[in-house]
Amino acid sequence: MKFRVERDALADAVAWTAKSLPSRPSVPVLAGVMLRATDGSLEVSGFDYEVSSQVTVEIQSDSDGAALVSGRLLAEITKALPAKPVDIAAVGAHLELLCGSARFTLPTMPVEDYPSLPDMPASAGTVDAGAFATAVAQVAIAAGRDETLPMMTGVRLELNGGTLSMLATDRYRLALREIEWAPQDPHIDLHALAPARTLADTAKTLGPAGGEVTLALAQGGAGEGMIGFAGGTRRTTSRLLDGANYPPVRSLFPDTHNARATVSVAALAEVVKRVALVAERTTPVRLSFSEDGLVVEAGGSEDARASEAMDTVFTGEPLTIAFNPQYLLDGLAALGVPTAVLSFLDAFKPAVILPAADDGEVIPGYRYLIMPIRVAR
């Protein structure tokens with residue numbers, strides 16, 4: 001194998017593929033990135049039996065072949081190379097990289113020991129890449145991080161006709177986003193639970209490229225199924241999480257509200273950040289709403305306290321409610337608009353944060369529910 005490739009294209013391909021590789025693989029070859037040169041194109045791929053990634057790059061090929069090298073080491077090297085074409089050649093049990101006056105020699109691993117990448121499932125439909133990336137980012141923030149509760153670490157995808165819904169929860173907050181997409185079957189009714197981290201990394205990569213993302217999903221996608229995403233020259237697959245007993249979280253969103261506040265997203269975020277400086281990691285911030293406006297308060301150790309008032313448009317009985325400040329900030333940041341509406345039933349029921357137009361009219365499509373924290377008055 002011998003070929004020449006542009007440095008930026010190689011670095012991007014290797015970095016994206018290596019990102020999903022395990023830090024502690026069960027067998028050494030799973031820490032490798034496969035480079036396969038064929039007919040003027042280079043396939044860079046990685047697979048750990050859970051997630052597979054593959055990207056195709058144009059090259060000037062002298063001879064075809066394949067080589068398996070350490071993915072993370074190759075990513076570090078390609079990122080540090082000078083902005084010049086890279087010549088790569090397989091020489092015996094080594095891979096040689098030459099870029100300008102820089103030369104690297106890397107040991108290779110047996111290609112025959114590397115597992116074959118899984119095939120993409122059948123295409124279920126396509127979705128705008130930018131809209132998909134935005135929606136995933138808005139929902140994935142609410143997914144759990146506790147690996148002992150794998151169901152909570154996923155994003156539930158609901159494919160119902162021309163609507164693609166995404167939900168995620170860590171039991172303390174819940175995010176829901178609905179977008180339009182183009183299904184292969186207009187009567188499709190499927191659901192799947194995809195790992196949130198894999199979904200977020202994939203969407204973040206495919207979104208800036210523009211165009212469309214193909215969503216591939218086997219029929220009856222719950223349980224031990226496979227989901228795939230393809231856009232441009234990149235494709236990735238992932239095993240699904242077992243979502244057979246996923247809780248009916250949509251029912252947590254209240255149908256009515258007793259109080260509502262319209263606030264500036266940027267102003268509230270800045271106030272919460274300042275006031276939370278005195279709060280310890282698990283200490284909530286208290287938000288007191290009334291017709292006079294909003295007062296944000298927090299108390300910390302050694303009698304450290306902070307409070308700040310700000311303007312808001314509030315309707316309903318005066319209300320004091322407390323939240324985890326980071327969860328509140330995450331929800332505000334995900335809205336993507338300057339104005340937010342916070343709706344409440346009472347101080348002990350979940351609150352819902354909604355994006356709104358400048359006139360306070362709620363923009364449909366995204367909802368972020370956050371559980372309050374009970375505090376002593």
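Fair warning: this is a prediction, and the values are worked out from it, not measured in the lab. When reading the values below, keep in mind they use all heavy atoms of this one structure, side chains included, and skip hydrogens, waters and symmetry mates.
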Legend entry - Approximate separation, where rounding is to 0.5 Å, of Trp16 CH2 and Thr236 OG1: 5.0 Å
Legend entry - Under 3.5 Å donor-acceptor, Thr17 side chain and Val14 backbone: no
Inset, instruction - May I ask you to say whether Glu178 pairs ionically with Arg367, meaning some side-chain N is under 4.0 Å from a carboxylate O? - result: no
Legend entry - Side chain to side chain, Arg145 and Asp170, heavy atoms closer than 4.5 Å: no
Legend entry - Donor on one side chain, acceptor on other, Thr233 and Thr56, under 3.5 Å: no
Inset, instruction - Apply salt bridge (charged side-chain N to carboxylate O under 4.0 Å, His left out) to Arg305 and Glu297, showing your working. - result: CA-CA 8 Å; Arg305 300 189 181 280; Glu297 305 171 274; over 6 Å; no
Legend entry - Interatomic distance, Phe132 atom CZ to Leu164 atom CG [nearest 0.5 angstrom]: 7.5 Å
Inset, instruction - State the CG-CD distance between Leu159 and Gln184, to the nearest 0.5 angstrom. - result: 11.5 Å
Legend entry - Phe289: ring-ring contact (aromatic ring centres under 6.0 Å, His included) partners, not counting sequence neighbours: Phe314, Phe344
Legend entry - Any donor-acceptor pair under 3.5 Å from Asn160 side chain to Thr163 backbone: no
Inset, instruction - Measure from the side-chain N and O atoms of Ser52 to the backbone N and O of Phe47, and report whether any donor-acceptor pair falls under 3.5 Å. - result: no
Inset, instruction - Output yes when a side-chain donor or acceptor of Thr198 lies under 3.5 Å from a complementary backbone atom of Pro195, and no otherwise. - result: no
Inset, instruction - For Ser53 and Ser20, test the side chains for any donor-to-acceptor distance below 3.5 angstrom and give the result as yes or no. - result: yes
Legend entry - Nearest-0.5 Å distance that lies between atom CD1 in Ile363 and atom CG in Leu354: 10.0 Å
Legend entry - Minimum side-chain heavy-atom gap Ile370-Leu328 below 4.5 Å: yes
Inset, instruction - Examine the side chains of Ser165 and Arg250 and answer whether a donor and an acceptor come within less than 3.5 Å of each other. - result: yes
Inset, instruction - For residues Phe253 and Leu174, determine if any side-chain heavy atom of one lies less than 4.5 Å from a side-chain heavy atom of the other. - result: yes
